[in-house]
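Source: prediction; values computed, not measured.
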Amino acid sequence: MSLTEWLVTGTLSIATLGFIYWRFYARSATDYARTGGGPLPTANPSVSRQANSSSSSAPSRSKTGKKSILETLRAIKNPKKMILFYGSQTGTAEDLATRIAREVNAHLGVHSVVADVEEFEMTELIEFPEEFESEEEHWLTGFFLATYGEGEPTDSAVEFYDWLMDGGGKGDDDQVELDDDMASEKAGKNLRYISFGLGNKTYEHFNAMGRRVDKRLANIGAVRIGPAGEGDDDGSMEDDFLEWKPKVIAAIAEYFGVADAGGKQDRDAPHVPVFEWVPIDGGSVFRGELSGDGKPRSFKKDAATGRFTEVSSKKRILHDAKNPFFGAIAKSYQLFQNSEDVIKLSDDASPHESDLYSLSADKKAVTLKRTCVHMELDLSGSGIRYEAGDHVGVYAANNLREVDALIRVLHLSDEELDQVCKLQPNPANPLAGTAKIPFPNPCSLRTALTYYLAISAPLREHQLAILAKFASDGKDRDALYKLVDDRNLFLDIVDSSQKNLREVLEAFPSVKVPPGVLIGEVLTHITVRYYSISSSPKKDATRVSLTAVVVRYVLPNVHAHHHIEGNPHKKPISYKEGLATSWIERLHEARASGEVTDLETASYPPLHLPLFIRTSSFRLPRDVTVPVVMIGPGTGVAPFRGFIHERLQIASARVATATTTKPVGSTWLFYGCRHPDQDFLYRDEFEEAERVVKDWSENPKDGGPMPFDLRIITAFSRMGPNKVYVQNKLLEMAVPVWELLDKKRAYIYVCGDAKNMASDVQQTLLKMAMEFGGKSENAAKSWLKDLRSSSRYQEDVW
């Protein structure tokens, strides 16, 4: 045999052995996995702990660095065990999974792990054992999955979803019962699970994640235990969950072969805390920041610029949801002019004077100032990149007025508030070892109440049940349990007033809750808020802008004891504000006044926002000659400001170089607000842009006129006798709009209110297709569906 033949034979042999290794060994743990280029970042190890209290060892990790599902379950010594996965964008799915875990433990004696789907090696779902270690041993999984946008998985669930669906199941693709290896081999035949999906019916693909995952799991042989739950955020997610909960708990009890041992009889038993709040001396301390590696971060101030930069030994710092960048406020200003909301009060209202609102002379109405803040954040040195149409996620801090009010009700001393402590699992509680520690620590209680915990969030029944355990007055205890047991009473007293922890403790003064229970079980953690970016990196890549209307409203504040005892009184009113938007306003005001301290701004570092970028599919067409039609009333105009900036930059560059061969396509914005002199966002900018474009045409340079069809079409709902909305203007311009869509294949974008505006826009487009396109109703619907599937119709709605 010649040397060449030896080389060829050897090469083939090595290749064959390599394939055999890959097929039968390297893929043994992930036969059907699609890893997509490596693992996603794991969670903060000091914030998330899934090891069971009965085992000293943490769950082992797979080759991808993720936690092992199988080893985590094996570490639980109780033979009846569950692992509940959540994929959440705002924290609701995590909260619901945690509540089920606690109730199943209390009622059925089943131990559970609540786990972020991003942190575990999900391919192990198809490796569940056919036979368990003993006849009494049973495993159960659960999926609490939110649907984001138009039928998309949440950020943390993307990798799991892509693997399970083999890359399909996106957008209009409901075909998830695949004919692949996992299906033909029934790879999930040993898997038993429960399911609850979270969605919003105003979106076309309601609860797509929950439904598609449920179908796909059945497709690979898995068996669901109990009914599939679905929550509608447009209605009442809580009501939907409470309706599903007893059904699924009954199904879980049947699956494990146990009786419900919990319920009201447990109310006299003392509460065993999940966590202990333990003082410590020395060591590094969190001051309000989030950290990707579980270690406190430090910052230094630049004396020249006043901006803070992170001190780190790392050459490159990755900034994401778990390790946000602190962006300095480079610029901020108010956008509204003399705009107000007048709210009429009910006859039984008894409002009091306040500096938070204006009260009419007859005390029958309240006037609230409307505020909208434009804010630009400096990205210099962060390595962060974004595109027009992306979202910026920010973490807010609580209003110090609310923090101080809660501290007074809790009767906490400065020493208690400023003592550095660590939240540790309580070994006396069987759930402690698997519970997720909700915020970075060690830190002080004041830091936790200011930066990490949602102290203004309305309470739910399960939180009231915990508070009732710590009521020393029997009257308070009984009243709290009445609220827990009677849903209608709860809705009348707590939900209608959106009562937060402070307001509930004021109504039930004998309740004294230990700090560990308060911050570890009663209060939820502050979750990220997302805003459509209102800038373009083509204009300035070092800055990202957001546009935020401050949320303010008043509600009747029903007195709990009076109402429960059937002795209704006049109702005072309670002032409420949005956590993130009011914080953005406070930062703007602090920056404008120049009087800045850490506590005044409740920002660490001061006048910096912790932020990261969430990539969106809301994108301009790559071909700049393609026309675009944008529809964005109110703050829905935010991404379109970025789109217009981008197209103006491109057009301006072509004017400067006298390039007229490929003019920028028609760019039309339909914008709506109440009144042009009150809340017309970016009015001066848009009018200046129109003037510049007009000048390009009327005063051409050497290359000839630069045609750029930029139009700002406005609708004002409170200017004249009739209310005019963007959908009305769209219908008025139906002929030219249809020409752009049908003949020039324009893209259409909608941003803003999903329930009314976006739905009305869709109906208007259907009318256009039928009237000017000569299409039947069914053909018009198919046309609109085709626009979506080809990305020529895009929505960023809420």
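Residue pairs meeting the salt bridge (Lys or Arg N to Asp or Glu O under 4.0 Å) criterion with at least one member in residues 632-643, sequence neighbours excluded: R641-E685. For residues 630-639, no residue pair satisfies the salt bridge (Lys or Arg N to Asp or Glu O under 4.0 Å) rule, not counting sequence neighbours.
Side-chain contact between E353 and L359 is present, with at least one heavy-atom pair separated by less than 4.5 Å. Residues L377 and I329 have side chains in contact (heavy-atom distance under 4.5 Å, counting atoms from C-beta outward). The side-chain heavy atoms of Y793 and Y747, taken from C-beta on, include no pair separated by under 4.5 Å. Residues K775 and W783 meet the side-chain proximity criterion, which asks for heavy atoms closer than 4.5 Å. Residues V366 and L345 form a side-chain contact, since some pair of their non-hydrogen atoms from C-beta on lies under 4.5 Å apart.
The two residues A651 and F708 make their nearest non-hydrogen contact at CB-CD2, 3.9 Å. Nearest approach of L579 to A397, heavy atoms of both residues: CD1-O, 3.5 Å. Contact between G632 and L669 at its shortest, heavy atoms only, is N-CD1, 4.5 Å.
For K781, the NZ atom sits in a loose shell: 12 or fewer heavy atoms of surrounding residues, nucleotides or ligands are nearer than 6.0 Å.
Applying the side chain to side chain donor-acceptor pair (under 3.5 Å) test to R718 and every residue at least two apart in sequence or in another chain returns nothing. Every residue was checked against the salt bridge (charged side-chain N to carboxylate O under 4.0 Å, His left out) condition with R385, not counting sequence neighbours, and none meets it. Partners of D404 under the side chain to side chain donor-acceptor pair (under 3.5 Å) rule, at least two apart in sequence or in another chain, do not exist in this structure. With sequence neighbours left out, the ring pair (Phe, Tyr, Trp, His ring centres under 6.0 Å) criterion links F612 to Y530. Every residue was checked against the side chain to side chain donor-acceptor pair (under 3.5 Å) condition with T154, not counting sequence neighbours, and none meets it. Listed by chain and number, the residues in a salt bridge (charged side-chain N to carboxylate O under 4.0 Å, His left out) with R647 amount to none (sequence neighbours excluded). Residues satisfying the side chain to side chain donor-acceptor pair (under 3.5 Å) test with T527, not counting sequence neighbours, are R529. Every residue was checked against the salt bridge (charged side-chain N to carboxylate O under 4.0 Å, His left out) condition with E340, not counting sequence neighbours, and none meets it. Shown here are the salt bridge (charged side-chain N to carboxylate O under 4.0 Å, His left out) partners of D240, two or more places apart in sequence or in another chain: there are none.
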(message) Set out, in order, the CA-CA distance, both residues' side-chain angles and the distance that settles ring pair (Phe, Tyr, Trp, His ring centres under 6.0 Å) for Y682 and H374, then state yes or no.
(response) CA-CA 9 Å; Y682 304 112; H374 170 85; 5.4 Å; yes
(request) Could you go through the salt bridge (charged side-chain N to carboxylate O under 4.0 Å, His left out) check for E688 and R691 one step at a time? (result) CA-CA 5 Å; E688 173 64 14; R691 186 197 64 76; 2.6 Å; yes
(request) Tell me, with the steps shown, if T635 and Y531 meet side-chain hydrogen bond (donor to acceptor under 3.5 Å, both in side chains). (result) CA-CA 10 Å; T635 54; Y531 295 89; over 6 Å; no
(message) Run N557 and K499 through side-chain hydrogen bond (donor to acceptor under 3.5 Å, both in side chains) and show every step you take.
(response) CA-CA 8 Å; N557 193 1; K499 283 184 172 25; 2.7 Å; yes
(request) Apply side-chain hydrogen bond (donor to acceptor under 3.5 Å, both in side chains) to the pair D709 and S666, showing each step before the final yes or no. (result) CA-CA 5 Å; D709 183 18; S666 295; 3.0 Å; yes
Can you list, pair by pair, the side-chain donor-acceptor contacts under 3.5 Å of residues 724-746, counting residues two or more places apart and other chains?
| from | atom 1 | to | atom 2 | distance (Å) |
| --- | --- | --- | --- | --- |
| Q727 | NE2 | D760 | OD2 | 2.9 |
| N728 | OD1 | Y725 | N | 2.8 |

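Under 4.0 Å is where a charged nitrogen must lie from a carboxylate oxygen, and between E687 and R683 at least one such pair does. One finds no salt bridge joining K694 and E690 here, because no Lys/Arg side-chain nitrogen approaches an Asp/Glu carboxylate oxygen to under 4.0 Å. Using a 4.0 Å cut-off between charged nitrogen and carboxylate oxygen, E387 and R619 do not count as a salt-bridge pair. Using a 4.0 Å cut-off between a side-chain N of Lys or Arg and a carboxylate O of Asp or Glu, D786 and R792 do not qualify as a salt bridge. Here E204 pairs with R788 in a salt bridge; the nearest charged N to carboxylate O distance falls below 4.0 Å. Salt bridge status for E577 with R401: present, with a side-chain N to carboxylate O gap under 4.0 Å.
Judged by distance alone, the side chain of S350 and the main-chain N or O of P572 form no donor-acceptor pair under 3.5 Å. Side-chain N or O atoms of D378 include none that pairs as donor or acceptor with a backbone N or O of A330 at under 3.5 Å. With S616 contributing its side chain and D390 its backbone, the two residues share no donor-acceptor pair below 3.5 Å. Under a 3.5 Å cut-off, the side chain of S717 and the backbone N or O of A715 do not form any donor-acceptor pair. A donor-acceptor pair is defined here as one N or O able to donate and one able to accept, closer than 3.5 Å; such a pair exists between the side chain of S593 and the backbone of A590. Remark: the backbone N or O of L198 is paired with a side-chain donor or acceptor of N207 at under 3.5 angstrom. A donor-acceptor pair is defined here as one N or O able to donate and one able to accept, closer than 3.5 Å; such a pair exists between the side chain of H608 and the backbone of P606. Side chain of S382 to main chain of L379: a donor-acceptor pair is present (N/O by atom type, distance under 3.5 Å, no hydrogens or angles). Put simply, the side chain of T147 never gets that close to the backbone of G151: no donor and acceptor are under 3.5 Å apart. Side chain of K576 to backbone of R552: no donor-acceptor contact under 3.5 angstrom is found.
A distance of 8.0 Å separates CG of L406 from CZ of R502, quoted to the nearest 0.5 Å. Taken to the nearest 0.5 Å, the CE atom of M757 stands 11.0 Å off from the OG1 atom of T764. Put simply, CE on M237 and CG on D232 are 7.0 Å apart, with the number rounded to the nearest 0.5 Å.
Defined by atom type and a distance below 3.5 Å, a donor-acceptor pair is missing between the side-chain atoms of E503 and S497. Counted by atom type alone, S332 and H588 present one or more donor-acceptor pairs between their side chains at under 3.5 Å. A donor-acceptor contact closer than 3.5 angstrom links the side chains of D796 and S532. In summary, the side chains of W583 and N398 do not present any donor paired with an acceptor at a separation below 3.5 Å, with no hydrogens or angles considered.
Screening V403, T524, N500, L501 for a side-chain contact (heavy atoms from CB on, under 4.5 Å) involving I455 leaves a single residue, V403. Between R674 and the options M719, K723, R370, a side-chain contact (heavy atoms from CB on, under 4.5 Å) holds for only R370.
Here F680 and Y671 bring their ring centres to under 6.0 angstrom of each other. The distance between the ring centers of F618 and Y749 falls below 6.0 angstrom. For F716 and H675, the gap between ring centers reaches or exceeds 6.0 Å.
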